[in-house]
Protein chains: 2
Amino acid sequence: MPNKNRCLTPATDEECRRARLSLQDTLDVVGGKWKLVLISILRGGKLKFRELSREAGISPRILSKELKEMEINGLVTRTVLDTRPIMVEYELTPYSNTLSEVIIAMHEWGKKHRQKMIGQKS
Amino acid sequence: MPNKNRCLTPATDEECRRARLSLQDTLDVVGGKWKLVLISILRGGKLKFRELSREAGISPRILSKELKEMEINGLVTRTVLDTRPIMVEYELTPYSNTLSEVIIAMHEWGKKHRQKMIGQKS
DNA sequence: GATACCAGTTACAAAAAGGATACTATGCCA
DNA sequence: TGGCATAGTATCCTTTTTGTAACTGGTATC
């Protein structure tokens, strides 16, 4: 029996609207081209600004902007090291681990999708 | 003992690179402002062009473009109904269900993140 | 014939994102 | 003093994305 409202999991239109808002909240925080990629990279351990820039292939200007936003949202910490020359380490916060499921789900899907695409070629 | 490579789950740098590529593949297909939102809406059942436009609050121009890309990627089907005036229904494909985990993970995270943000206000 | 509905498209404008390059400031080393 | 490395910033420009408004074409209705 088909359901009248616009969602499967939620029971009411109101819950449905809220579910969509949640999705959009997530997209506001980790949407865009870089944030999830940066988190994915940092899951391997803290990195310095330059290293991160090289690793991700992202220009310093954009990287700086992304990291600031991620710091505001509590996803990374910024630590200035007392070295010469000064270096800055970026590290994921424990809170960022709550995104694991999202990232892993996207890893998995991308892998399967690529296999599907390759299969279709022949 | 800290690991030398840049990932936790994968064992080698090569696997790590591939994991990141998978993530980026996924972002290529469902990244951007609208695609996951549209899928989320369509999970409640097929909708006509206008309905979808109103429901998502997206202009016809963008909606048309997004739907074309999603059709190419095998995520939605487009069916012209023989009605006056002609209407077109968009429906998720079975393949799009493979994105469930991604969407649900993002729903959940957005919900929790919002609660965290509200908690921090006080 | 005027009006209204549907599914889009077209043309134009605005905004956001991204990239390249050069630059600041600090301090080491030779 | 000059050269190098670090972490960014500043400036300029191009590309991409998004939005608005008007419009096409087909059909029904008043």
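Each chain gets a letter, A, B and so on, in the order its sequence line appears, and its residues count up from 1.
- Under the 3.5 Å distance criterion, the side-chain polar atoms of B/Thr93 are matched with a main-chain donor or acceptor of B/Gly74.
- For the salt bridge (charged side-chain N to carboxylate O under 4.0 Å, His left out) test with A/Asp25, the passing option among B/Arg114, B/Lys111, B/Lys116, B/Lys112 is B/Arg114; the others fail.
- Smallest separation of non-hydrogen atoms from A/Leu67 and A/Val76: O-CG2, 4.0 Å.
- Atom NZ in A/Lys35 sits roughly 13 Å away from atom C1' in C/dG18 (whole-Å rounding).
- Bracketed by its first and final contacts, the part of DNA chain D lying under 4.0 Å from non-hydrogen atoms of chain B reaches from D/dT18 to D/dA28 in 5' to 3' order.
- In this structure, A/Ser96 contributes its side chain and A/Leu92 its backbone to no donor-acceptor pair below 3.5 Å.
- A pairwise comparison of heavy atoms in A/Tyr90 and A/Leu42 identifies O-CD2, 3.6 Å as the closest pair.
- For A/Leu81, the CG atom sits in a packed shell: over 12 heavy atoms of surrounding residues, nucleotides or ligands are nearer than 6.0 Å.
- With salt bridges taken as basic N to acidic carboxylate O contacts below 4.0 Å, one links A/Lys35 and A/Glu69.
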Just the table, please: protein N/O against nucleotides 5-10 of chain C N/O, every pair under 3.5 Å.
{"from": "C/dA7", "atom 1": "OP1", "to": "B/Phe49", "atom 2": "N", "distance (Å)": "3.4"}
{"from": "C/dA7", "atom 1": "OP1", "to": "B/Val88", "atom 2": "N", "distance (Å)": "3.3"}
{"from": "C/dA7", "atom 1": "OP2", "to": "B/Arg50", "atom 2": "N", "distance (Å)": "2.9"}
{"from": "C/dA7", "atom 1": "N7", "to": "B/Arg50", "atom 2": "NH2", "distance (Å)": "2.8"}
{"from": "C/dG8", "atom 1": "OP1", "to": "B/Arg78", "atom 2": "NE", "distance (Å)": "3.3"}
{"from": "C/dG8", "atom 1": "OP1", "to": "B/Arg78", "atom 2": "NH2", "distance (Å)": "2.5"}
{"from": "C/dG8", "atom 1": "OP2", "to": "B/Tyr90", "atom 2": "OH", "distance (Å)": "2.8"}
{"from": "C/dT9", "atom 1": "OP1", "to": "B/Lys68", "atom 2": "NZ", "distance (Å)": "3.1"}
{"from": "C/dT9", "atom 1": "OP2", "to": "B/Ser64", "atom 2": "OG", "distance (Å)": "2.6"}
{"from": "C/dT9", "atom 1": "OP2", "to": "B/Lys68", "atom 2": "NZ", "distance (Å)": "3.3"}

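- One can place CG of A/Asp28 at 13 Å from P of C/dA16, the figure rounded to the nearest angstrom.
- Taking the charged nitrogens against the carboxylate oxygens, A/Glu55 and A/Arg50 have no contact shorter than 4.0 Å, which rules out a salt bridge.
- As rounded to whole Å, 13 Å separates atom C1' of C/dC12 from atom CD1 of B/Ile62.
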